[in-house]
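The next block holds one structure in the form of structure tokens; read it before the comments.
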Amino acid sequence: MDESQAFKGSADVATDVANAPLALRGDKLVKRFGAVTALDGVSLTLGKGEILGVLGDNGAGKSTLVKILTGFHQQTGGTLSIDGQETLLRSVDHARSLGIECVYQDLALANSLSIYHNMFLNRELVRRGPFKLLDHKQMRERAAQCLDDIGVHVPSVDLPVERLSGGQRQAIAVARAVHSNAKILLLDEPLAAMGAREAGLIIDLILRLKEKGGLSIIMIMHNYAQTLDIADRVMLMQRGRVTYEQKSALTSVAELMDIVRREYRAMRATSAP
Ligand SMILES: Nc1ncnc2c1ncn2[C@@H]1O[C@H](COP(=O)(O)OP(=O)(O)OP(=O)(O)O)[C@@H](O)[C@H]1O
Ligand SMILES: [Mg+2]
């Protein structure tokens with residue numbers, strides 16, 4: 001093989017990697033709420049099997065971005081591609097049908113209901129026959145199996161969710177999303193208001209889900225160190241824009257803090273009277 005052929009070969013490999021279908025791609029996403037521009041041209045990619053950590057100040061637009069990716073809000077401008085197909089997500093149900101699931105910042109669990117019931121909320125299993133009775137036995141067994149599969153341990157799936165700790169509840173919410181065959185999982189501050197032990201439980205769960213494969217994850221986070229520990233790539237947002245993006249292995253807490261500090265200084269300088 002001469003040199004030009006060898007070069008062509010490696011270029012082809014590079015092109016293949018670049019063309020590998022992404023789980024998700026957003027191009028110049030804009031979201032306005034009246035006079036407020038929550039997203040001001042956000043572009044992002046999520047590779048298959050990748051974990052992307054999104055960091056940013058309060059009001060940066062992180063939750064708005066997630067809500068667009070789940071079909072809860074529709075973007076004012078820009079495009080979204082899911083698995084290589086340009087798609088306008090019409091609703092949360094539409095996004096779900098494409099395998100996009102979200103665990104929201106304010107968890108949507110029914111606290112007085114049992115763990116297994118929560119895992120089948122709005123998609124309860126019914127027994128065959130004319131009376132459409134709920135199939136509690138099936139739901140119990142499947143919920144226990146699903147939790148076991150992803151290493152979430154609870155004393156009994158019959159326990160009401162209100163008897164669980166914050167971390168366990170978050171784990172149930174994640175398990176519920178995964179159980180419904182999610183391909184893309186969006187986590188809006190999965191570690192919010194958690195102690196170190198509870199956060200550890202969720203971090204382990206996220207890492208186990210990654211190991212199992214087949215799932216791409218975007219998680220909104222506040223803690224830089226935890227984000228770099230879990231995510232393959234990090235993205236910083238400020239005032240509706242992406243201000244920095246890097247592979248976790250190629251950046252550090254110090255660098256991220258430095259970037260944010262500089263952004264603040266620039267912002268203060270421009271908004272000074
Ligand atoms: N439904 C809405 N109607 C009007 N404005 C909204 C709405 N949702 C968000 N906003 C505004 O959009 C901006 C971005 O909000 P968003 O909730 O996305 O921020 P965030 O980065 O998730 O912040 P936090 O870290 O506090 O959760 C804010 O100025 C917010 O007030
Ligand atoms: Mg938010």
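Scope of the values below: all heavy atoms of this structure, side chains included, with no hydrogens, waters or symmetry mates. Atoms within a ligand are numbered from 1 in the order they appear, just like the ligands themselves.
For the residues Asn58, Leu65, Thr64, the heavy atom positioned nearest atom 18 (O) of ligand 1 is part of Thr64. Taking only non-hydrogen atoms, the option from Gly56, Ser63, Gly59 nearest to atom 13 (C) of ligand 1 is Gly59.
Proximity of a side-chain donor or acceptor of Gln170 to a complementary backbone N or O of Pro190 within less than 3.5 Å is detected.
In this structure, Tyr244 places its OH atom where more than 12 heavy-atom neighbours from other residues, nucleotides or ligands lie under 6.0 Å away.
One of the N, O or S atoms belonging to Ser63 lies under 2.8 Å away from the Mg ion (ligand 2).
Salt-bridge formation is detected for the pair Asp27/Arg25: a Lys NZ or Arg NE/NH1/NH2 atom is positioned less than 4.0 Å from an Asp or Glu carboxylate oxygen. Between Asp232 and Lys210 there is a salt bridge, with a side-chain nitrogen of the basic residue lying less than 4.0 Å from a carboxylate oxygen of the acidic one. Asp83 has a carboxylate O that lies under 4.0 Å from a charged side-chain N of Lys48, or vice versa, which qualifies the two as a salt bridge. The residues Asp158 and Arg140 are annotated as salt-bridged, a charged nitrogen and a carboxylate oxygen being separated by less than 4.0 angstrom.
Looking at Asp57 against ligand 1, only its backbone comes within 4.0 Å, counting heavy atoms.
In summary, the atoms of ligand 1 found under 4.0 Å from a heavy atom of Glu189, numbered by their order in the structure, are 25 (O), 27 (O).
Annotation: Gly61 places an N or O atom under 3.5 Å from an N or O atom of ligand 1; distance criterion only. Here's the thing with Ala60: one of its N/O atoms is less than 3.5 angstrom from an N/O atom of ligand 1.
Not a single heavy atom of Leu39 lies less than 4.0 angstrom from ligand 1.
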